Amino acid sequence: AQSVTQLGSHVSVSEGALVLLRCNYSSSVPPYLFWYVQYPNQGLQLLLKYTTGATLVKGINGFEAEFKKSETSFHLTKPSAHMSDAAEYFCAVRGRSNDYKLSFGAGTTVTVRA
Amino acid sequence: DGGITQSPKYLFRKEGQNVTLSCEQNLNHDAMYWYRQDPGQGLRLIYYSQIVNDFQKGDIAEGYSVSREKKESFPLTVTSAQKNPTAFYLCASSPSRGGGYTFGSGTRLTVV
C-alpha cells in the first residue's frame, strides 16, 4: 500500500521568502502524486499532480513540485510567499492499479509573516 | 459549472440521533469518497464507491453507512453507533485511473 509522510506539521515563512513543504512517499512503483491546499472551513483544492512524464510539475498560484524517484520525494515549493498562501497543504499518493483511493499525509499548516 | 455540492454546511446532532449528509456531483465521475477530518489527523477515509450500487469500507467505517443508487449521489449517514461524530466531513469524486479528486466544501457536524 502507498503512503506519504509530510515533514513538519507547521511552517512559518516571511512574505516574499521561499516556501518549501516536504513530502516523501513509500511505494514499490512510481505512484501518482498530488498536492492539495485547504483554506479554513473549505474543501481541498488541487494545486498540482504528477502522473507521468516531466518530473517538474507546475501548478496553480505559482507553486511547483519535483518528483524525485531516487529520493522518493515530491516536495512543494514557491519562490516567493504571499499572505494568501497561508493555509493547510496536503500531499497525497495513489497507486497505478484500478484502486482509485488516495492516501493523504497529515498536512502542513503554513503561516506567512508580514 | 461542474462540481460537488455538499449540504448542509453545518449540522447539529443530538445524542442517539441518525443524521444524513448529502453529496451530489455533476462531473460524471465514476468514483466517490467520504473523508472525516479532525484537527491534526489529516483526512481519514470512511467509505468509497467506484461504481453505482457498490461501495467499500474505508479505514474508519464503524458507525457510518452509505448508499450509491445513482452515479451523481453518495449520501453518508452518521448513525447513533458513532460515538464521536463531531468532525468536518468531506466528500470527493474522481474520474477513472490517473485523476485526482474534486472535493466538496464540507459539512461540519457537531453533537449537541
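Values in this document were obtained by computation on a predicted structure and should not be read as measured data. Chain identifiers are assigned alphabetically (A, B, ...) following the order of the sequence lines, protein sequences preceding nucleic acid strands; residue numbering begins at 1 within each chain.
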Determine, using the 4.5 Å side-chain heavy-atom cutoff (strictly less than), whether [X] and [Y] are members of one ILVMFWY cluster.
X: A:V4; Y: B:Y35; result: no
X: B:L45; Y: B:Y64; result: no
X: B:F88; Y: B:L21; result: no

Quiz item: Distance from B:S105 atom OG to A:N41 atom CG, nearest 0.5 Å?
Solution: 10.0 Å
Practice problem: Quick one: pull up CG in A:L46 and OG1 in B:T102 and give me the separation to the nearest 0.5 Å. | Solution: 8.0 Å
Practice problem: Let me know if A:Q45 has heavy atoms under 4.5 Å from chain B in its side chain, its backbone, both or neither. | Solution: neither
Quiz item: Checking heavy atoms, do the side chain of A:Q38, its backbone, both or neither come under 4.5 Å from chain B?
Solution: side chain
Exercise. Please look at B:Q37 and chain A and tell me whether the side chain, the backbone, both or neither of the residue comes under 4.5 angstrom of a heavy atom of that chain.
Key: side chain
Self-check item: Part of B:Y33 lying under 4.5 Å from any heavy atom of chain A
Solution: side chain
Quiz item: Around B:I51, counting heavy atoms of other residues, nucleotides and ligands shown, do more than 12 lie under 6.0 Å from its CD1?
Solution: no
Quiz prompt | NZ/A:K58: more than 12 non-hydrogen atoms of other groups inside 6.0 Å | solution = no
Quiz item: Sub-3.5 Å donor-acceptor pair from the side chain of B:Y48 to the main-chain atoms of A:K101, do we have one?
Solution: no
Exercise. Evaluate ring pair (Phe, Tyr, Trp, His ring centres under 6.0 Å) for A:F34 paired with B:Y101, printing each intermediate quantity in order.
Key: CA-CA 9 Å; A:F34 307 83; B:Y101 289 4; 7.6 Å; no
Practice problem: With ring pair (Phe, Tyr, Trp, His ring centres under 6.0 Å) as the test, would you mind laying out the steps for A:Y36 and B:F103 before giving the verdict? | Solution: CA-CA 10 Å; A:Y36 286 86; B:F103 280 86; 5.6 Å; yes
Quiz item: Any side-chain heavy-atom pair from A:L44 and B:L43 closer than 4.5 angstrom?
Solution: yes
Practice problem: Just jot down the side chain to side chain donor-acceptor pair (under 3.5 Å) partners of B:R68, sequence neighbours excluded, or say none. | Solution: B:S49
Exercise. May I have all residue pairs that pass salt bridge (Lys or Arg N to Asp or Glu O under 4.0 Å) and include part of residues 43-59 of chain B, sequence neighbours excluded?
Key: B:D38-B:R44
